[in-house]
Amino acid sequence: MLREDLRNIAIIAHVDHGKTTLVDEMLKQSGTFRENQVVNERVMDNNDIERERGITILAKNTSVVYKNVKINIIDTPGHADFGGEVERVLKMVDGVILLVDAAEGTMPQTRFVLQKSLELGHKVIVVVNKIDRPDSRLGEVEDEVLELLMDLDATDEQLDSPFLYCSGRDGTASYTADKVGTDLIPLFDTILNYIPAPEGDENGSLQMLVSSIDYNDYVGRIAIGRIERGEIRVNQDVSVGDYHETKKEYRGKIVSLYQIEGLNRVACESAKAGDIVCISGIENIYIGDTICEFGNFEPIPFVKISEPTVEMTFSVNNSPFAGREGKYVTSRQLRDRLFKELLKDVSLRVSDGETTDSFRVAGRGEMHLSILIENMRREGYELSVSTPRVLFKEIGGKLNEPIERLVVDVPADNVGAVMEKLGSRKGELQEMTPVGSRMKLEFLIPARGLFGYKSEFLTDTKGEGIMSSVFAEYQPYKGDISRRNTGSLVAFEAGTAVGYGLFNAQERGELFITPGTEVYEGMVVGASPKSDDLVVNVCKKKHLTNTRASGSDDALRLIPPRILSLEDCLEFLADDELLEVTPESLRIRKRTLNNSLRAKERAKQG
């Protein structure tokens, strides 16, 4: 049976190609908002970090009504580190809108998300977005998309996917490249005509797959998913379990039921096959579980989520400043928070570390883990984290490591510098394409070769380069890669940094702190251009003499320090360093704080 009054679609694309902006316009033009309603830009990015960084982190559901047909839309993240979000929500939809930037063309994440959609047999509508960009190259981008579809073994029907030309910002769509549209009606019509209506037996026994979990302090866990068969009702008794039978099937009850209308969840009494619903009342429900008619349990297979490739150790903060700024500082609080994150993030893995107060946290990439750290920091947690490490695998008796497919788009003048740096990090050039006055280079590079590279890349390309990567495969170990060729400037003693001490220290390297910053022995206060660490006394004051007053420091010119963000700190970390994260501060420190003890350890190592 087909639900002609319903369509379920996901919008997939590489980061920054304009998914969330297009959803904004779809909501506006379908009459979801009142005429005089004030609406933020990128209304779907409702999380603080998403709004600050201009990226989508969590997949979100919304719906619009067009010609009496309800279109459920899922806005997905574009960043490769949040690919797990995309993989699981694709099970809820019957088709996808593939968004491609009219200038950048197909990028690593475009390949990744499109491959997952084709594997599930979804129909694809290709939307070339940002056609109003002065550097757009529509014909070439069309060819790139068709090449990618052929590359990914698309069926004949998928190769005949309709192409539309949009400007998400202006809210226009057209069927041909040479004609600019006036509204998004061509897009809405194509969705109705091309994306199949959901199928499902409304009279069969209930079957629903949970693809997402939300959490609310009042009602607990909220399961979000699509009804594959039958009808679901409030107060209905159900059987819950998973396909792999890792946990026993148990009885639950549907306490409340919601459907998504626009940006709101609206309570309803029942929903039928094809609907995407949110339900609460089932306590231990997880992503990948199936909800069935009580007594008739038939689990649905869940998409296998790609494995994490990067790991960090999260531990209790034990620095001299521990407990000053954080609200949650104990190992029990840290453990509870990390395991709570597992409920809604399918790509994350958490296990106990080597000590009782440390945990090994594995994710898709540095950004995936840094967003988790940033969220915990804002919630009042205080912790210390280690350098990111890649997860090796043994395949056929050989050590294998994760390889990333890296695409860089750089001005032609900077190609030499970028190729030299990536070559030293074991990157292998696969493809080189001129795009106007720029060059698009594609590399296969070990994931650990990208650690700490982003800031170097931006320096080499004078801030004009664009780089993005996605996991490609595991390959045999490529040999040693030096993580960092600079040393650290380490504080000699505890105290407050003063201008005189900093003035003397800045001759040794680049500083990270300002006068008045509290420091402790073993804390990293700057970067040394040499590969060895240097101990500096930033608390040293200028003493009073017969000829000078101690305050006559007017002539001291301090170079403005480099203030590090969370990502910068993670990039900078050496293997013998930790990052102390508190709600107010980020401090890099040595694992062994005592300077003389550290010198003895180094002498032993040789």
Kindly compute the distance separating CZ (Arg335) from CG (Asp357), expressed to the nearest 0.5 Å. 11.5 Å
Taking C-beta and beyond as the side chain, do Arg389 and Thr313 meet within less than 4.5 Å on heavy atoms? yes
Between Val96 and Ser117, what is the shortest heavy-atom contact and its length? CG1-OG, 3.8 Å
Going by an N to O cut-off under 4.0 Å, is there a salt bridge joining Asp576 and Lys590? yes
Give the minimum heavy-atom separation between Leu342 and Leu348, together with the two atoms involved. CD2-O, 3.3 Å
Are the charged groups of Arg137 and Glu142 less than 4.0 angstrom apart, N to O? no
Apply side chain to side chain contact (heavy atoms under 4.5 Å, CB included) to the pair Asp460 and Asn414, showing each step before the final yes or no. CA-CA 7 Å; Asp460 289 343; Asn414 307 132; 5.8 Å; no
Looking at every heavy atom in both Asp101 and Ala103, which two are closest together, and how far apart are they? OD1-N, 2.7 Å
Neighbour count above 12 (heavy atom, 6.0 Å) for Phe492 CZ: no
Go through Arg405 and Glu473 one step at a time and tell me if the salt bridge (charged side-chain N to carboxylate O under 4.0 Å, His left out) criterion holds. CA-CA 9 Å; Arg405 183 181 296 278; Glu473 58 187 343; over 6 Å; no
Are any of the side-chain nitrogens in Asp135 or Arg133 under 4.0 Å away from the carboxylate oxygens of its partner? yes
Show me the donor-acceptor pairs within less than 3.5 Å that the side chains of residues 426-433 make with the rest of the protein, sequence neighbours left out.
from, atom 1, to, atom 2, distance (Å)
Lys426, NZ, Asp480, O, 3.3
Gln430, NE2, Glu428, O, 3.3

Using side-chain heavy atoms (C-beta onward) and a distance below 4.5 Å, is Ser136 in contact with Val128? no
Tell me, do Arg589 and Glu577 make a side-chain contact under 4.5 Å, heavy atoms counted? no
Worked verdict on Leu511 versus Ile559 for side chain to side chain contact (heavy atoms under 4.5 Å, CB included): CA-CA 8 Å; Leu511 292 174; Ile559 299 165; over 6 Å; no
Could you report the tightest heavy-atom contact between Val141 and Gly105, atom names first, then the distance? CG2-CA, 3.9 Å
Contact between Leu450 and Met467 at the side-chain level, heavy atoms closer than 4.5 Å - yes or no? yes
Give a yes or no on whether a salt bridge exists between Arg438 and Asp409, defined as a side-chain N under 4.0 angstrom from a carboxylate O. yes
Are any of the side-chain heavy atoms of Glu374 and Arg378 separated by less than 4.5 Å? yes
Does the pair Glu456/Lys421 count as a salt bridge with the N-to-O cut at 4.0 Å? yes
Does a donor on one side chain and an acceptor on the other come within less than 3.5 Å for Glu567 and Ser370? yes
Test item: side-chain donor near acceptor, Arg598 and Asn595, under 3.5 Å: yes
Would you please say whether a donor-acceptor pair under 3.5 Å links the side chains of Glu580 and Ser384? no
Is any side-chain heavy atom of Leu558 less than 4.5 Å from a side-chain heavy atom of Gln506? yes
Can you confirm whether Val410 sits close enough to Glu464 that some side-chain heavy atom of one is under 4.5 Å from a side-chain heavy atom of the other? no
Look at atom NZ of Lys454 and say whether more than 12 heavy atoms of other residues, nucleotides or ligands are closer to it than 6.0 Å. no
For Arg377, is there an ion pair with Glu325 - N to carboxylate O distance below 4.0 angstrom? no
Please report the interatomic distance CG(Asn129) to CD1(Ile131), rounded to the nearest 0.5 Å. 8.5 Å
Could you check Phe512 against Phe572 for ring-ring contact (aromatic ring centres under 6.0 Å, His included), going step by step and ending with a plain yes or no? CA-CA 12 Å; Phe512 298 158; Phe572 184 81; 5.2 Å; yes
Walk me through whether Ser167 and Asp132 qualify under side-chain hydrogen bond (donor to acceptor under 3.5 Å, both in side chains). CA-CA 6 Å; Ser167 166; Asp132 49 348; 3.2 Å; yes
Side chain to side chain contact (heavy atoms under 4.5 Å, CB included) between Phe451 and Glu571, intermediate numbers included: CA-CA 6 Å; Phe451 291 160; Glu571 274 194 14; over 6 Å; no
Is the number of heavy atoms from other residues, nucleotides or ligands under 6.0 Å of Arg360 CZ greater than 12? no
What are the two closest non-hydrogen atoms of Val310 and Gly365, and how far apart are they? CG2-CA, 4.0 Å
Report yes if some heavy atom in the side chain of Leu372 is under 4.5 Å from a heavy atom in the side chain of Val361; otherwise report no. yes
Mind listing the closest non-hydrogen atom pair of Leu444 and Ala472 along with its distance? CD2-CB, 4.1 Å
Step by step, work out the side chain to side chain contact (heavy atoms under 4.5 Å, CB included) result for Val519 and Thr496. CA-CA 6 Å; Val519 298; Thr496 304; over 6 Å; no
Run the ring-ring contact (aromatic ring centres under 6.0 Å, His included) check on Tyr477 and Tyr474 step by step: do they pass? CA-CA 9 Å; Tyr477 183 67; Tyr474 271 87; over 10 Å; no
